[in-house]
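See below for the structure under consideration.
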Amino acid sequence: MQLNKQSVYQIYVPSFADSNGDGLGDLAGITGKLEYIKNLGVSYIWLTPIYVSPMNDNGYDVAAYCSINPRFGTMTDFDKLIETATSLGLKVMLDMVLNHTSTQHEWFQKALAGEERYQNYYIFKDGTPGQPPTNWQSKFGGHAWHYVDKLGKWYLHLFDVTQADLNWDNPEVRAELYKVVNFWLDKGVKGLRFDVINLISKPKIFEDDTQGDGRRFYTDGPNIHSYLKELNQNTFGKYADVMTVGEMSSTSIENCLKYAGPKQDELHTVFNFHHLKLDYAGGDKWSLAPFNFMAMKQLFNQWQTQMQAGGALTALFWSNHDQPRVVSRLFSEGGNNSAYRRQSAVMLACATFLMYGVPYIYQGEEIAMPNAGFTGIDDYRDVETINYYKILRQSKSEAEALAIVAAKSRDNARTPMVWNGEKPGYGYTGGTPWLGFIKEAATINAENELNASGSVYRNFAKLLQLRQDYPALQSGTYEQLAAKHEHIYAYSRTLKEETVIVVCNFFNVKTSFNLENIGIYKLIFNNYNDATIHNTTMELKPYQAIVFIGGTL
Ligand code: TEU
């Protein structure tokens, strides 16, 4: 399989399409929408966790790995989904949550009941109340350890208290997890997204972190590369037609070159999030700061050139179910609901989709859905948001805390997909949705977008088609252009005689791009109807994105 020709559409299962009117998305709902996805031109659909779960973290708290959550449907529904997807030429990627299980998982329950064998499946430490083994913090706020009175032990949870970290140093645990992965591969799954997989290898010695929240001890941990090689050998390594992607939290290029390097036998591709932390003040997600565009250019350049030099592919993306909507996030006026909503959404896709890697679309991005616009804390459902709201309220007023949550909450991305403008269910549900719709649902919806002039959906499809048509966009060498330009992010991709040039204006200004040494042979993409090109310069309108083949006529 040629990895750099693949692209992925991410489905947040609870919020995509509800076929039975219970207000929660389901598998049959997805099957009914596969044509819509197929017509975008992607090769994969990634489903967020569909397994039995108490849903404290919407499925990322797995209670039984090889069974379907009854609220999402049945195994027969899943088989039908795979069958329909396959008949349309779409491959299915599943989310593998192998760093932790729900505390409702049978293994954890047996551990709680005192079975030592299962206590060794997790990270339990003897101790006394009030004195956790280390000072580490949970990524969802508060301590990363929880005390179990009747056992006299603490257990580690890097996420919610109901998500207990598994002990990958125990070979029995690794063998159990390989069985899980093989179960789904046997069912015809062709893609695997490994949740926070670079956190699985914990240090030998657990000690306080005097410099931070503990992440430096377990991020890209001591045995991570050998565990991933073993995972590969025991599961997907046997298949030539399976693509894997690892979600790498706070990682480094050096490690990603190993995770995704072609000769390393670990994974095929990686997600990293450094470009999505450029609006964190001092590294703190729960703060409001402007997006640092120049730092973004530098980061993209660094990751692109170094990863490509090592032949390692990254996922190309702005959005997922953990990130606020990109059009609301990067542009205070341009992206949200202004005259430039469509142009800015398309420009952002153009900037990332044509780089070296594998592009990802997150549901709703193809119709430029904005943030949720919630105004009260009761509107939110996300466990991380609710925890952090409480923490914020210790030092901030209600209005300040709500403003931060409104900009940062993961629920911004999780509002139900808006299929049409018809109240009250907008084509998503016949019942009451588990989470509220965006305020703009009557106008911003899939039906409107498919027919709109300058349609975001159709422009996304065009961009993905370019990747298929031009081999330079698959394997061509990436080079950043106009590195110091304060408004434009531009790059070229060169393969043999062919150079494709991508020029994106990230701001609500008119600006120009110097063509001095670059001739224009052919324009192949433009998110406006026209482009103004003089001999030596190209004038760009607000949020304009242009792609052309370089060279002379
Ligand atoms: O996310 C991992 C992760 O690092 C983010 O949740 C991040 O910590 C958070 O957004 C901080 O702002 C994965 C899943 O994508 C996420 O949905 C799960 O909640 C998490 O793992 C635990 O499984």
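Counting starts at 1 for both ligands and their atoms, in listed order. Predicted model, so just to flag it, every value in this text is computed and none were measured.
No side-chain donor from either of Thr101 and Trp107 sits under 3.5 Å from a side-chain acceptor of the other.
A salt bridge does not link Arg325 to Glu365: none of the charged nitrogens lies less than 4.0 Å from a carboxylate oxygen. Ion pairing between a basic and an acidic side chain is recognised when a charged N comes within 4.0 Å of a carboxylate O; Lys202 and Asp165 show such pairing. Ionic pairing of Asp284 and Lys277 is not present here: no N-O contact between side-chain nitrogen and carboxylate oxygen is shorter than 4.0 angstrom.
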What short N/O contacts, under 3.5 Å, does ligand 1 make with the protein, listed by atom pair and distance?
residue	atom	partner	partner atom	Å
ligand 1	1 (O)	Glu247	OE2	3.2
ligand 1	1 (O)	Asp322	OD2	3.3
ligand 1	6 (O)	Arg410	NH1	3.2
ligand 1	12 (O)	Lys285	NZ	2.6
ligand 1	12 (O)	Glu384	OE2	2.7
ligand 1	15 (O)	Arg193	NH2	3.2
ligand 1	15 (O)	His321	NE2	2.9
ligand 1	15 (O)	Asp322	OD2	2.5
ligand 1	17 (O)	His321	NE2	2.9
ligand 1	17 (O)	Asp322	OD1	2.8
ligand 1	19 (O)	Asp57	OD1	3.3
ligand 1	19 (O)	Asp57	OD2	2.5
ligand 1	19 (O)	Arg410	NH1	3.0
ligand 1	21 (O)	Asp195	OD1	3.0
ligand 1	21 (O)	Asp195	OD2	3.2
ligand 1	23 (O)	His100	NE2	2.9
ligand 1	23 (O)	Asp195	OD2	2.8

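Screening residues 50-66 for side chain to side chain donor-acceptor pair (under 3.5 Å) gives Tyr12-Asn58, Ser53-Asp61, Asn56-Thr162, Asp57-Gln163, Asp57-Arg410, Tyr60-Asp95, Tyr60-His321 as the qualifying pairs, with residues at least two apart or on separate chains.
When all heavy atoms of Phe273 and Met248 are compared, the closest pair comes out as CD1-O, 3.6 Å.
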